[in-house]
Amino acid sequence: ALSIHLSNDSIRIVVLKDLAFYSNDPKQGIKYADQLIKLARKNKNIEYIARGYLQKGYKLLHLGDNVKASTCLLESISYSKSIEHVELLATGLSAIADIYSSLGDHSNAISYYRQSIDALENSKDDGTRAGISLNLGDEYFKINQQDSAMFYFEIAGEVYKRYHYDRGIAYYIGNTGKVYASLGQNELAKERLDQAVSILLDLGDLQPICNYLIETTDIYQKNNRLDIAINYAINSLQFAKEYQLKQQISDANEKLSQIYQALGQHENSLLHYKDFIAYRNSIINVETVREMANQQTEFEVNLRESEISNLEKDKQLQQTYIF
């Protein structure tokens with residue numbers, strides 16, 4: 001049951017935050033986040049309103065709904081700024097970077113990840129910094145800057161190993177496996193990718209599993225082991241469909257289309273190609289980009305107006321003091 005019945009609202013708020021964060025089903029996570037936002041508003045708890053919008057934004061991002069995700073994340077950033085909560089602010093900026101990444105805008109993604117890390121300059125929150133470093137490394141990986149990618153992966157890996165955080169260790173292992181695959185070190189790459197998938201299966205974390213299975217598909221595809229490659233791609237597609245992860249469904253269909261084409265099974269290839277295009281277009285379209293740009297512009301205008309208002313108040317205070 002989604003309804004949490006505890007006598008103390010402060011306890012319920014923390015429980016709902018954890019349920020929203022740890023839910024592997026994005027739709028379930030959104031329901032928990034909505035409950036969290038409602039209860040936090042009732043208690044005028046700004047931090048947890050921000051956390052609720054943050055978690056809802058992440059879950060919507062997993063579902064491929066970039067416009068609604070960006071709306072929630074900008075709300076989270078705004079609330080975080082209002083209470084000067086740098087860790088939450090950094091996480092929100094990082095999530096906006098995630099959206100630009102999913103749209104293929106790597107320049108803006110890197111910019112927002114860097115802003116996020118800068119926001120944490122004086123913070124002791126190693127965990128948040130490690131997560132953002134992992135994502136920044138992945139962005140450099142996508143533009144073939146492997147040295148930079150490995151640099152940030154290693155930063156994240158050191159933190160995860162220090163705190164014995166299994167999920168983070170799995171991401172570190174899997175992402176370094178991707179780098180080794182891109183450098184042609186296939187045996188080491190496959191060993192790391194399989195290890196990451198094994199850990200994440202135990203944790204029930206399907207989204208990165210889908211990505212790592214596709215990376216393993218690539219390795220076998222490049223070595224013309226299409227019989228093995230196709231099984232990894234099919235497994236990735238099945239996991240992605242289970243929780244309607246649009247980006248991962250699109251990626252798996254693209255791979256299956258390529259493999260079936262190479263096998264001479266043109267009808268199957270065409271079917272998967274159509275699914276690839278359909279899901280890709282549902283994630284990346286002109287309207288999505290336009291809407292995000294409008295939201296971002298409105299947010300920045302409001303932020304500037306707020307800063308101008310604060311400067312005017314400071315000026316008035318200084319004049320009063322001088323008088």
Side-chain angles (χ1 to χ4, degrees), residues 23-31 56-73 95-106 108-109 135 138-139 141-143 171 174-175 178 181 193 197 200-201 204-221 226 229-263 265-293 295:
S23 177
N24 288 317
D25 181 344
K27 291 180 181 178
Q28 189 97 323
I30 288 169
K31 291 178 182 178
K56 186 174 182 179
Y58 267 124
K59 301 305 179 185
L60 286 164
L61 181 56
H62 289 169
L63 290 173
D65 195 336
N66 291 324
V67 173
K68 287 182 180 178
S70 64
T71 300
C72 290
L73 294 170
I96 293 290
D98 291 344
I99 297 179
Y100 279 115
S101 176
S102 71
L103 294 170
D105 187 344
H106 304 301
N108 264 322
N135 290 340
D138 199 43
E139 213 55 38
F141 171 78
K142 290 173 184 175
I143 59 173
Y171 295 160
N175 282 16
K178 294 195 304 184
L193 290 165
V197 168
L200 292 168
L201 275 172
D205 194 351
L206 296 184
Q207 183 183 2
I209 288 174
C210 296
N211 296 334
Y212 295 147
L213 287 172
I214 289 298
E215 292 294 336
T216 310
T217 300
D218 273 342
I219 292 172
Y220 284 109
Q221 189 180 3
L226 302 182
I230 200 167
N231 288 328
Y232 277 96
I234 288 170
N235 285 336
S236 180
L237 182 59
Q238 288 173 342
F239 282 130
K241 281 185 171 180
E242 186 173 346
Y243 288 117
Q244 279 298 297
L245 304 171
K246 290 183 181 179
Q247 182 64 60
Q248 285 69 32
I249 293 173
S250 176
D251 292 343
N253 275 304
E254 182 182 23
K255 280 294 162 197
L256 285 167
S257 176
Q258 293 170 357
I259 294 167
Y260 280 123
Q261 180 70 23
L263 291 170
Q265 298 182 30
H266 304 300
E267 189 174 339
N268 278 334
S269 176
L270 181 59
L271 285 172
H272 284 287
Y273 184 76
K274 286 179 178 177
D275 284 345
F276 155 60
I277 293 297
Y279 277 97
R280 185 195 64 178
N281 289 345
S282 73
I283 300 167
I284 305 174
N285 57 63
V286 173
E287 194 57 41
T288 296
V289 175
R290 185 183 297 119
E291 184 65 29
M292 274 195 64
Q295 288 177 350

Stepwise side chain to side chain contact (heavy atoms under 4.5 Å, CB included) test for Gln248 and Phe239: CA-CA 9 Å; Gln248 285 69 32; Phe239 282 130; over 6 Å; no

Can you tell me how far apart CG (Asn253) and OH (Tyr260) are? Round to the nearest 0.5 Å. 10.5 Å

Can a donor-acceptor pair be found, under 3.5 Å and without considering hydrogens, that links the side chain of Asn24 to the backbone of Gly204? yes

Tell me if the NZ atom of Lys142 is crowded by more than 12 foreign heavy atoms within 6.0 Å. yes

Which atom pair, heavy atoms only, marks the closest approach of Ala69 to Gly57? CB-O, 3.4 Å

Going by heavy atoms in the side chains, are Asn175 and Asp138 under 4.5 Å from each other? yes

Quick one: list whatever passes side chain to side chain donor-acceptor pair (under 3.5 Å) with Asn135, sequence neighbours left out. none

Asn66 and its side chain to side chain contact (heavy atoms under 4.5 Å, CB included) partner, picked from Leu61, Leu60, Asp98: Leu61

Under the side chain to side chain donor-acceptor pair (under 3.5 Å) test, which residues partner Asp65, sequence neighbours left out? none

Who passes side chain to side chain donor-acceptor pair (under 3.5 Å) against Gln207, sequence neighbours left out? His62

So, Ser101 versus Glu139: side-chain donor-acceptor pair below 3.5 Å or not? yes

Could you tell me whether the side chains of Asn231 and Tyr220 share a donor-acceptor contact shorter than 3.5 Å? no

Ser257 (side chain) donor-acceptor with Ser269 (main chain) under 3.5 angstrom: yes

For Asp218, what residues pass the salt bridge (Lys or Arg N to Asp or Glu O under 4.0 Å) criterion, not counting sequence neighbours? Lys255

Look at the side chain of Tyr212 and the backbone N and O of Tyr171, then say whether any donor-acceptor pair between them is shorter than 3.5 Å. yes

Could you walk me through whether Glu215 and Asn211 satisfy the side chain to side chain donor-acceptor pair (under 3.5 Å) test, starting with their C-alpha distance in whole Å, then the side-chain angles of each, then the deciding distance to 0.1 Å, before giving a yes or no? CA-CA 6 Å; Glu215 292 294 336; Asn211 296 334; over 6 Å; no

The criterion is side-chain contact (heavy atoms from CB on, under 4.5 Å); which residues satisfy it with Tyr243, sequence neighbours excluded? Asp25, Pro26, Leu206, Leu245

Heavy-atom check, side chain of Ile230 versus side chain of Ile234, under 4.5 Å: yes

To the closest 0.5 Å, what do you measure between OG (Ser250) and CG (Asn281)? 8.5 Å

How long is the span from the NE2 atom in His272 to the CD atom in Glu267, to the nearest 0.5 Å? 11.0 Å

Would you say Thr217's side chain and Leu213's backbone share a donor-acceptor pair under 3.5 angstrom? yes

The criterion is side chain to side chain donor-acceptor pair (under 3.5 Å); which residues satisfy it with Gln238, sequence neighbours excluded? none

Could you state the interatomic distance from CD (Gln244) to NZ (Lys246), rounded to the nearest 0.5 Å? 7.5 Å

